[in-house]
Amino acid sequence: MSSLLLFLFLFLTPSSPLEFRYHNNREIQQYLVEINASNSDISHLYSIGPSVRGQELWVLALGLSPHRHTVGIPEFKYVANMHGNEVLGRVLLLQLIDDFVRGYRNNEDWSVKLLNSTRIHILPTMNPDGFDESDTDCLFSQGRANYNGVDLNRNFPDAFAGLRKQPQLEESRREAEVRAVIGWLRMESFVLSANLHGGALVASYPYDNSNGGSELVGGASVSPDDDVFNHLAKVYSHNHASMHHGEQCRDSRPFLEGVTNGYLWYPISGVKGRVFDGSGVPVQNAVVEVKGRSNMCPFRTDKHGEYYRLLLPGEYVFTVTHPGHKVLTETLNVPHGPDQYSAMKHDFMLRQIPATTFSTQANPTSANTPKANPTSANTPKAIPTKANSTEANLTPSCNYTLNLEAGASRSSWTGLCVSLGLMVVLLSLVS
Ligand SMILES: *[C@@H]1O[C@H](CO)[C@@H](O)[C@H](O)[C@H]1NC(C)=O
Ligand SMILES: *[C@@H]1O[C@H](CO)[C@@H](O)[C@H](O)[C@H]1NC(C)=O
Ligand SMILES: *[C@@H]1O[C@H](CO)[C@@H](O)[C@H](O)[C@H]1NC(C)=O
Ligand SMILES: *[C@@H]1O[C@H](CO)[C@@H](O)[C@H](O)[C@H]1NC(C)=O
Ligand SMILES: [Zn+2]
C-alpha cells in the first residue's frame, strides 16, 4: 500500500524546476537524455559530432514535429558556450529548455504556440572541452579555446575573406567543433540564430567584420538587413532586465540601448513561402531577392522550394529568378507579424520560358524578357539588372559558402551566419 501511495505521489507531483546553477558536461548530457526520454512528443536529442576529446555536442530540438523539418515551419538555433569559459549561456539554455517543456506540459499559450510555429534547436555547449579546462578566476581566459588551443569563433569561414582576396583557412585546420557546426548547417536551413557569450552586457548583430568596402558606415559594418537586425537586437535588450540601460561593465564602453552592430537574433516577422514552377513543382535553388537588399550571398530556396525573409513591416519588391524561367517581380506588403506567431505566407509561381525563346536567350533578364507577372503593375525597371548580377557576381567567399551548403542545397544565408558568428552577448555571471 505504501509503495502504491508513493507511486501515485510521484506520478501526480510535477517534477521540480531545473536547479539554477552550473551543470557540468556529464550533468548536461544526463539532463538532455531525461528530457528527451520523457518528452518524446516534442523533443528530439541528437549529436552533431564529437569535440576534440570525444565529448558529444548534443542538440535538443523542440517542436511539435521535433524529428524533422515541416514545410512552412522555420528552424531556429541557439548555441552557447562556444568559448568554454563563458558559461552563463549554458545555464540559460538549460533553463530555456526547462521553461519550454514545463510550459508545454502546463498548456501555457506561449510555449504551445512557439513550439507549434517553430522548431528550436538548442546546443547548450559547443566547447565542452574548454569548459572542463576553465577556471573560476575570471581575469584569465583559460578554457576560452578548445582542447587544441584554437578560438572556435575565429575558425569559421570568413565571408569577407574572398572580397579582401585573402585565402580561406585550409579545411585541414578546421577544428572538430567547427566542422560539427558546419555539418549541422548542411542538415538544417536555419532562419535565425543566437549565440550566447559572456563578458559584456549587449546584444550584438551583423556584420562583425568588414572588407573595408561600402558596408562600412560610421564605423559600423552594415548589412543589407541592418534595420531588421537592429530591431531584433532591441527586442532582446528591452526584454532583458537591464541590458537596454546600456550600462557599462567596469572595463568596457557603454552601448546605446544595450545593442551594438556586431550581431543577434530572436523570433519576429518576416515573409515566408515557397517557389513553384508552372506545373506546381517546388523549385530548388531559385534566388529570392528583395529590392535594395542584395545580400552578399543571395537567398536560395531549399529542396522544398522554401524561402524565408526577415523583414520589418512595410512594402517590399521581390524578384525571383531561376534559370529557364521568367524573372518574377512582385510587390508584397509585410504586416506587423509577431502577434500571430507566424510569418506572412506568400508563394511565388514561376513561368517557364518557352524552349524556342530560351535557347536564344543567353541572358534571361535582357530587356525584352516578357513581364513575368502580368498582374503586378508596379514592376520597377531596375530589377532585371540586379537579378542578372546575382548570377554573375558571386564572390569567391560566397561561392565558398554555397559550396558548404551545396550538399543539401541549403540557404546560403545560414552559412553566412555562421561565418559571421551571430551573437547575443550577455553579462557573465562570474564577472
Ligand atoms: C530520445 O528518446 C527516444 C524516445 O524515448 C529514444 O528512442 C531515443 O533513443 C532517445 N535519444 C537519445 C539520444 O537518448
Ligand atoms: C498548431 O497550429 C495549427 C495551425 O495554426 C492549428 O491548426 C493547430 O490547432 C495548432 N495546434 C496546437 C496544438 O496548438
Ligand atoms: C548580364 O550578364 C551577362 C553575363 O554575365 C553580361 O554580359 C550582361 O551585360 C549582363 N546584362 C545586364 C543587363 O547587366
Ligand atoms: C566555385 O567553387 C567551385 C568548386 O570549388 C569552383 O570550381 C569554381 O571555380 C568557383 N567559382 C568561383 C567564381 O570562384
Ligand atoms: Zn565569447
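First listed ligand is number 1; within each ligand, the first listed atom is number 1.
Atom ND1 is the N/O/S atom of H83 found closest to the Zn ion (ligand 5). The nearest N/O/S atom of E86 to the Zn ion (ligand 5) is OE1. Looking at H197 and the Zn ion (ligand 5) together, the shortest N, O or S contact belongs to ND1.
For the pair K77 and E188, the salt-bridge criterion is not met [side-chain N within less than 4.0 Å of a carboxylate O]. Looking at R173 and E170, no side-chain N of the basic residue comes within less than 4.0 Å of a carboxylate O on the acidic one, giving no salt bridge. For E86 and R144, the salt-bridge test passes: some basic side-chain N is under 4.0 Å from an acidic carboxylate O.
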Using the rule given for side chain to side chain donor-acceptor pair (under 3.5 Å), can you reason through E177 versus N127, listing the C-alpha separation, both sets of side-chain angles and the distance that settles it, and then say yes or no?
CA-CA 7 Å; E177 294 85 357; N127 187 1; over 6 Å; no
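Between F318 and Y316, the distance separating the two ring centers is not shorter than 6.0 angstrom.
When each of D99, D41, D98 is tested with R105 by the rule salt bridge (charged side-chain N to carboxylate O under 4.0 Å, His left out), just one qualifies, namely D41.
Checked against a 3.5 angstrom limit, the closest N/O atoms of N36 and ligand 1 fall inside it.
Near ligand 2, heavy-atom contacts under 4.0 Å come from L64, V112, N116.
For E108, the side-chain contact (heavy atoms from CB on, under 4.5 Å) criterion is met by N106, W110, not counting sequence neighbours.
Residues Q30 and H23 have side chains that never bring a donor and an acceptor to within less than 3.5 angstrom of each other.
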